[in-house]
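Treat the numbers as computed from the prediction; the structure is a model and nothing was measured. Letters go in sequence order (proteins before strands), and every chain restarts at 1. Only this structure's heavy atoms are used, side chains among them; waters, hydrogens and symmetry mates stay out.
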Protein chains: 2
Amino acid sequence: MHTVAALAGVSIASASRVLNGLGGSPETVSRVRAAAAEVGYVPNAIARSLQSQRTDLIALAVEDIGNPVYVEMMRAIESVVAESGRQLVVHATGGQVAAETALLRRLAHRYVDGMVISPIRVTDSHLEAMAASPAPVVVIGQLPDEAPIDNVRTDSRAGVALAVSHLVAGGRRKIGFVNGPLDTVPGAARDGGFRESLAHHGIPIDEQLIEVGNFQYAAGRAATERLLSRATPDAILCANDLIAVGALHALLVAGLRVPQDVALVGMDDTELARMAYPQISSVSLGSATRGNLAAQLLLARIKDPALPPRREQVLPKLVVRASSEVGQR
Amino acid sequence: MHTVAALAGVSIASASRVLNGLGGSPETVSRVRAAAAEVGYVPNAIARSLQSQRTDLIALAVEDIGNPVYVEMMRAIESVVAESGRQLVVHATGGQVAAETALLRRLAHRYVDGMVISPIRVTDSHLEAMAASPAPVVVIGQLPDEAPIDNVRTDSRAGVALAVSHLVAGGRRKIGFVNGPLDTVPGAARDGGFRESLAHHGIPIDEQLIEVGNFQYAAGRAATERLLSRATPDAILCANDLIAVGALHALLVAGLRVPQDVALVGMDDTELARMAYPQISSVSLGSATRGNLAAQLLLARIKDPALPPRREQVLPKLVVRASSEVGQR
DNA sequence: GTTTCGGCTGTAAACGTTTCCGGGAGTCTC
DNA sequence: GAGACTCCCGGAAACGTTTACAGCCGAAAC
């Protein structure tokens with residue numbers, strides 16, 4: 001910029017003003033423009049950040065960038081973030097508490113203007129780190145009610161209930177359940193929802209029909225195999241779509257027909273559910289909507305940090321596909 | 001930092017030195033440490049960047065963060081980038097030339113230290129922008145031989161040949177081909193490879209058996225349906241795994257058995273191929289390896305910009321699974 | 001007792017911008 | 001024709017670090 005100013009024969013202050021479109025006489029404007037073009041001037045983002053105290057970067061921390069549910073969130077977030085002229089910095093945490101709190105603490109370095117994080121477990125150190133963070137944080141997922149943090153959540157218990165009701169309405173009574181780890185927030189919620197929901201329909205809980213793995217395809221397949229070796233359900237509910245695809249695989253290998261012998265329902269309603277054959281029914285937890293809302297909340301808070309903490313809720317919705325169609329028994 | 005220095009009763013220079021572990025008397029060291037702890041001092045990443053002329057950020061630009069092949073690359077890149085203490089900024093370009101060149105030009109702002117880009121089309125404006133970029137760029141994919149740019153590629157023609165030979169060896173002669181757009185680098189290479197390879201095996205080319213869509217699931221499925229409405233192949237080769245999953249779906253819906261009636265082979269060997277039922281054979285183009293190499297090249301160049309341009313090649317490898325097992329007719 | 005050396009320290013410049021402030025020139029109004 | 005007002009402009013400070021340089025002091029060497 002010094003160079004540009006010198007070349008145009010003006011002060012750097014004037015050059016800066018012209019290049020930011022803040023006034024200047026026609027004469028100087030054209031001289032500065034010409035000089036900038038001649039030397040191929042490009043403003044330095046870092047110096048600008050230092051001065052403006054913003055980086056125009058937003059961080060996103062998710063467990064696993066391979067899980068399609070996070071891909072959908074990421075796409076949604078990316079689009080609103082890009083719209084606002086900012087960019088996304090993506091972190092994969094592997095679901096590790098230490099990695100997540102480290103990331104949160106790093107916010108203090110001000111390398112981004114804010115963060116959207118979707119922790120799979122929420123610990124006290126999370127809460128502390130978020131409270132201490134000078135940069136705004138928005139959480140996708142459950143949070144203690146008293147935590148003063150912007151938060152968008154869904155009601156996965158209600159989601160599970162939708163699925164169970166649907167299966168029961170289709171005449172299924174021996175409903176299996178393949179869940180993720182119980183010490184995670186979603187795992188615990190789904191477990192609770194499942195038990196609650198069976199009780200509500202007057203169906204006794206059969207522990208033989210419940211299996212736990214993690215939220216991945218391979219674990220879902222293995223867990224389903226274990227379940228099938230013990231009992232034969234007439235339906236299986238899975239805690240997410242990756243697990244459901246694994247379960248489908250296990251069912252087909254076992255020679256069971258879906259949905260005739262066993263109905264199958266997943267959760268998250270990702271494209272994976274549509275890509276399976278038969279297509280898998282799934283409880284939509286509005287991942288794109290949640291991502292979108294989270295990004296909006298974050299931008300709003302960056303704009304006005306004094307805003308009271310907000311909490312958004314998106315309602316689950318069941319999408320029925322071939323894998324659980326009623327009347328296919 | 002001013003505050004810390006004042007509190008410790010030393011100059012900011014001394015404070016800086018202590019906090020960076022560069023000497024200082026035991027007395028000052030402990031005073032500065034104590035002061036820093038007291039006020040909860042955290043260094044400002046931006047000011048540091050302005051001074052050090054590095055941001056410790058690496059950009060990654062891919063067409064679609066939803067495509068599992070890019071997810072694999074991203075994971076591989078993320079891990080080496082994180083290992084070096086840097087972070088990844090992810091951009092989704094949607095395969096748009098304008099978006100990609102804009103991104104490349106933005107490198108001049110120095111908001112990242114370098115970029116890995118995997119363009120699906122390579123135009124002159126790409127080459128210009130890369131040549132003009134003051135920050136290093138590594139390309140994953142084909143590039144004109146004379147372009148002086150670090151580059152890691154694979155030989156997808158050879159990959160196609162592996163698949164065709166495998167199918168022919170299994171007794172298939174009416175081999176269908178579902179490709180992505182021919183104006184993309186991978187699309188063109190695969191088309192060339194397919195024709196070349198059939199010729200090599202003395203099989204005449206039947207245009208009825210060739211379809212073009214894009215590299216997505218839905219397009220793959222639709223293209224396969226079109227193909228099946230015209231002819232009945234005894235094998236189908238797909239330009240990537242997303243297409244292959246779509247093709248599988250179309251085949252099953254049409255009542256065809258895989259592999260008995262139609263053998264199926266995809267490309268990229270992503271987890272998607274393993275998650276399908278039956279599992280889909282796929283030509284591995286080493287996406288993780290390519291990502292890893294690209295990241296290494298980039299870090300090496302950042303360290304020493306004077307390095308001559310390097311070019312790495314990873315060999316394709318066929319992974320045979322149930323969808324094309326020999327002897328299943 | 002003088003010189004030399006090494007270890008610490010503080011001053012100040014530098015990184016590349018933006019922006020506040022004051023001054024100068026020109027125009028309008030009465 | 002004088003005052004008020006507007007518009008531009010340049011100087012300089014500021015953002016928060018790192019680091020080159022020079023100065024100081026004490027200890028070691030002769």
query: A:R54 CZ to C:dT17 P: how many Å, rounded?
result: 16 Å
message: What's A:V18 touching, base or sugar-phosphate or nothing? Going by heavy atoms closer than 4.0 Å.
response: nothing
- line: Ranking B:L50 and B:G9 by the position along DNA chain C of their nearest nucleotide, the one closer to 5' is B:G9
task: Please determine if a side-chain N or O atom of A:R17 lies less than 4.0 Å away from the OP1 or OP2 oxygen of D:dC8.
output: no
- prompt: In whole angstrom, what separates A:R48's CZ from D:dG16's P?
  reply: 18 Å
- request: Ignoring backbone atoms, establish whether B:S11 has a side-chain N or O less than 4.0 Å from OP1 or OP2 of C:dT9.
  value: no
message: Is it true that A:N292 and A:Q296 share a donor-acceptor pair across their side chains at a distance under 3.5 Å?
response: yes
task: Provide, to the nearest angstrom, the distance between the CZ atom belonging to A:R110 and the C1' atom belonging to D:dG16.
output: 13 Å
field: Distance-only polar pair, side chains of B:R153 and B:N151, donor-acceptor under 3.5 Å
entry: yes
message: Expressed as a whole number of angstroms, how long is the span from B:D113:CG to C:dC15:P?
response: 18 Å
query: Can any side-chain N or O of B:D268 pair as donor or acceptor with the backbone N or O of B:S287 at less than 3.5 Å?
result: no
- request: Could you tell me whether the phosphate oxygens of C:dT9, OP1 or OP2, come under 4.0 Å of any side-chain nitrogen or oxygen in B:S25?
  value: yes
Enclosure of B:R31 CZ (heavy-atom neighbours >12, cutoff 6.0 Å): yes
query: Quick one: A:Y111 OH to D:dG16 C1', roughly how many Å, whole number?
result: 19 Å
query: Can you tell me if the side-chain N/O atoms of B:S16 get under 4.0 Å from OP1 or OP2 in D:dT19?
result: no
task: Look at B:N44 and D:dC15 and indicate whether a side-chain polar atom (N or O) is within less than 4.0 Å of OP1 or OP2.
output: no
- request: Report which part of the nucleic acid A:V42 touches: base, sugar-phosphate, or nothing (heavy-atom distance under 4.0 Å, all strands).
  value: sugar-phosphate
message: We want to know whether A:T93 and A:E100 form a side-chain donor-acceptor pair, criterion being a heavy-atom distance below 3.5 angstrom.
response: yes
task: Remember a base hit wins even if backbone is also touched, and classify A:T28 as base, sugar-phosphate or nothing at under 4.0 Å, heavy atoms.
output: sugar-phosphate
field: Closest to side chain of A:A13, choosing from C:dT9, D:dA12, C:dT17
entry: D:dA12
task: For the side chain of B:Q53, starting at C-beta, report the closest nucleotide among D:dG10, C:dC8, C:dC15.
output: C:dC15
message: Using whole Å, what does the distance between atom P of nucleotide D:dC8 and atom CG of A:L22 come to?
response: 12 Å
- prompt: C:dC15 phosphate, OP1 or OP2: any side-chain N/O from A:Q51 under 4.0 angstrom?
  reply: no
Separation of atom CD1 in B:I12 from atom P in C:dT9, rounded to whole Å: 15 Å
task: Report yes if a side-chain nitrogen or oxygen of B:S52 is closer than 4.0 Å to either non-bridging phosphate oxygen (OP1 or OP2) of D:dT18; otherwise report no.
output: no
task: Measure the distance from CD1 on B:I46 to C1' on D:dT17 and round it to the nearest whole Å.
output: 12 Å
- request: Work out which heavy atom in B:V29 is nearest to a heavy atom in B:G24; give both atom names and the distance.
  value: CG2-O, 3.7 Å
message: Measuring to OP1 and OP2 of D:dT17, would you say a side-chain N or O of B:Y41 lies under 4.0 angstrom away?
response: yes
